Amino acid sequence: MPELPEVETIVRDLRPLLLGRRIAAVRRASEQRLRRPWDEGWAALLAGRRIDEVRRRGKWIVLALDSGAFLVVHLGMTGQLTVAAADDPVAPHTHLVFDLDEPGRQLRFRDVRRFGSASLFAGAAELEAFFAANGLGPEPFALDPRAWREALANTTRPVKAVLMDQTVVAGVGNIYADESLFVARLHPARRGCDLSRAEAERLRKAVARVLSRAIERRGSTIRDYVGGSGLAGGYQEEFQVYGRAGEPCPRCGALIASRRLAGRASHFCPACQPAPSTALAAEN
DNA sequence: ATAGGCGCCTGCTGGC
DNA sequence: TGCCAGCAGGCGCCTA
């Protein structure tokens, strides 16, 4: 579900609620398997530990503990990580409950579809090794223009697939890929290697702009996304193409199209974002 | 080696 | 009204 702006919002919401707090106890609230299995031994390693840092890397949420270990959460499609009052009813599909030392407060991990995970890493080296093994790429705001251009130049994949490839740039998913391609006026099916230098740069800037604005609006709430304190996002009100098939393009009035590409629905303006063959003609 | 497709899950929507 | 296919903010594994 959540992409970078949603994860960033959750981290910003959770930070003041969790920093300096201790985890009193951890318990599983379901026996169901997550994408990465929860190790029963981790509860003992977490009990009594203080949360010293709450941060994000790509779509991963990282809690640094005073033991030097890291609790790392991925929300998959439907994950939620929220602080709640202990007497709030525990919603169905809640998998982990972390009691905080602040009386009556809990951190809860809920995930309907269970594509998400929560894992403990013993130290910084283990955490970095895990990210490296996943090939986690640079943050979009720190994306080197030349590295980005080369990543595109070296592949025949559709530019949309490159944008969503977490090893090239971390944090972009389906919504923000579509919105960024619209801002950059690039058709999602354009081959990476067919993009000009100017187009690659336009896209790099568009991604940063779209993500920044989405963070300002606390991300996008389509279905079940909520921030760390349960508040919804507002960027869905600013979608230009995502989920707007058949509606007029906000730039030129042509009807927004929707097509399956690299296994995902892609939304774009057929006029502002010329298809690969016509894009070639337009370049000449 | 690369790129596309499928499976993992549950729940909701829209069309019949 | 009811049912069922299709689809959903992600990602890892398999195969061609």
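In this text the structure is predicted, and so the values were computed from the model without any measurement. Below, read A as the first sequence line, B as the second, and so on, with proteins coming before strands; counting in each chain starts at 1.
Y176(A) comes within 4.0 angstrom of no nucleic acid atom, judged by non-hydrogen atoms across all strands.
In this structure, CZ of R35(A) is placed 6 Å from C1' of dC8(B), rounded to the nearest angstrom.
Here the nucleotide nearest the side chain of K59(A), chosen from dA3(B), dC11(C), dA8(C), is dC11(C). Listed nucleotides dC9(B), dA3(B), dA8(C) differ in distance to F115(A); the shortest reach to its side chain belongs to dC9(B). Checking dG12(C), dA3(B), dC11(C) against the side-chain heavy atoms of Q166(A) singles out dC11(C) as nearest. If you check dA3(B), dG10(C), dA8(C) against the side chain of T156(A), the one that comes closest is dA3(B).
Counting only distance, with no hydrogens or angles, the side chain of Q166(A) and the backbone of G171(A) share a donor-acceptor pair below 3.5 Å.
On a pure distance criterion of 3.5 Å, a polar donor-acceptor pair joins the side chain of R113(A) and the base of dC9(B).
Nucleotides dA5(C) and dG7(B) are separated by 16 Å at their P atoms, to the nearest Å. dC11(C) and dA1(B): their P atoms are spaced 23 Å apart (whole Å). With P as the reference atom, dC9(B) and dC14(C) are 15 Å apart, rounded to whole Å.
In the displayed structure, R213(A) atom CZ is contacted under 6.0 Å by more than 12 heavy atoms of other residues, nucleotides or ligands.
Listed pair H74(A) / dG10(C) fails the phosphate criterion, with no side-chain N or O lying under 4.0 Å from OP1 or OP2. Between N154(A) and dT2(B) there is no side-chain polar atom (N or O) within less than 4.0 angstrom of OP1 or OP2. At the phosphate of dG11(B), OP1 or OP2 sits under 4.0 Å from a side-chain N or O atom of H93(A).
Counted by atom type alone, Y176(A) and S220(A) present one or more donor-acceptor pairs between their side chains at under 3.5 Å.
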